[in-house]
Every structure is written in C-alpha cells, then in structure tokens.
Amino acid sequence: RVLFRSETLHAMRADVISGIVGQHIPPGSLEEQWDVEGLEKSLASDLQLRIEAKRWLKDEPELEEQELRRRIVEAARKQYEEKTAVVDPQAMRQYERAIMLQSLDTHWREHLAALDHLRQGIHLRGYAQKNPKQEYKREAFELFGAMLETVKLEVTRVLTHLDLKTPEQVREMERLEARSEERRVGKECRSRWTTY
C-alpha cells in the first residue's frame, strides 16, 4: 500500500512553482531580465495564486531570486491550507490521493505507449553510429522525467483550482436547488391544468 502524505503535494507544488519562477526569472540573471509581471500572470492563471511580486521588489530592492521563490512557495502553501481547512482533512487526503493516482494512471499509460513507439524506431540510431541500447536508455529516461513533470503540474493545477465549500454552504446550495425544483414542478403543474 502506498503511503500518501500532504508533504508530497507540498514538494510537488514547490517544484511546479520553481519551474514557473525559472521561466520568468532565470537563475543567475540580472533583475533587468526578470519578467515579474509575466510571473504574476502565470501564477494567477496556472495556480490561482495572486501574489504581489512587483510590490515586494519595489519595497525591498535587495530581494533576491531565491528569497522571492521561497515567499511564493510559502504563499501557495498558506493559500492551499486555508482553502482546504473547510473540509475534513481525512477526506481531503483521500481526494488528493485519488487525483494523484488518476493522473499517474493516465500518464503512465501514455508513457508506456511512447516507450513502445521509441522501441520500434530505436534501431535507426545504429545508422547514425550510435549505440541503440544506450540511446534507448537515455531517451526512455528523458520520457520518464517529462512524464513526472507533467503529473506534478497536472495534480498541482487540479488541486489549486478546487472550489471547496463548507458543509453549511453545501446545505444552502441544496436548499436553493430544492426550492428551484419546487418552483419548476409547480409551474409544470399549473401549465398542465391550463391546457385542459
């Protein structure tokens, strides 16, 4: 049985954020090369994370890329914990686990199909004076790494886009839906009586 812990999700989310930050703030780059506005937009669209990196940098000009990255990861962790605090923690872990397993299952099947495709054409590497066995290992490893990154991004996106409701909110929605259904049925009954 696989143990599933929320630390796994935190690590995955941190990796995804690190990748997004790296796209807009390349490691070792100068501040003039930073695309802070693009970073804010990407975090908002990909992870529903609204941060004020521009303001942070304006208020603290000495703020470095690593500290900025740490703040973003911490803001994402805090936002997720606040969002999931309204539901039963055990139920949330089960849901997180289900999302993770579903994503792994889907992408693992795709990965196996890609490996099969790779295996069918790997003999052609011999014509390029390359060892087909070594090339297969290298390319299969790259495919596996890409699959893991895809799973991390997908699971993180799904879980950050959740719209969780408190039990009271769910009961209120059910009550409103029931009232709406009663009105619809009442209208249908009245229209039937008027046609006779």
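Throughout, numbering of the chain's residues begins at 1 and tracks the sequence.
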> For L118, does its backbone N or O pair with a side-chain atom of E139 as donor and acceptor, under 3.5 Å?
Replying inline: no

> Is it true that a side-chain atom of S45 and a backbone atom of K41 form a donor plus acceptor pair closer than 3.5 Å?
Replying inline: yes

When clusters are formed by joining ILVMFWY residues with side-chain heavy atoms under 4.5 Å apart, either directly or through shared neighbours, do [X] and [Y] land in the same one?
X	Y	answer
M12	L47	no
I17	I51	yes
V86	I99	yes

Which pair of non-hydrogen atoms, one from [X] and one from [Y], has the smallest distance, and what is that distance?
X	Y	answer
M100	T8	CE-CG2, 4.0 Å
K83	L162	NZ-O, 2.9 Å
P27	R69	CG-NH2, 4.4 Å
L63	W56	CD2-CB, 3.9 Å

> Could E74 and K78 be called an ion pair, given the rule that one side-chain N must be under 4.0 Å from one carboxylate O?
Replying inline: no

>> Taking the basic N atoms (NZ, or NE/NH1/NH2) and the acidic carboxylate oxygens, is any pair closer than 4.0 Å for E149 and K152?
In response: yes

>> E154 vs R157, test: salt bridge (charged side-chain N to carboxylate O under 4.0 Å, His left out). Steps then yes/no.
In response: CA-CA 5 Å; E154 182 176 280; R157 276 187 179 158; over 6 Å; no

> Do we see a donor-acceptor contact under 3.5 Å between the side chains of Q120 and H117?
Replying inline: no

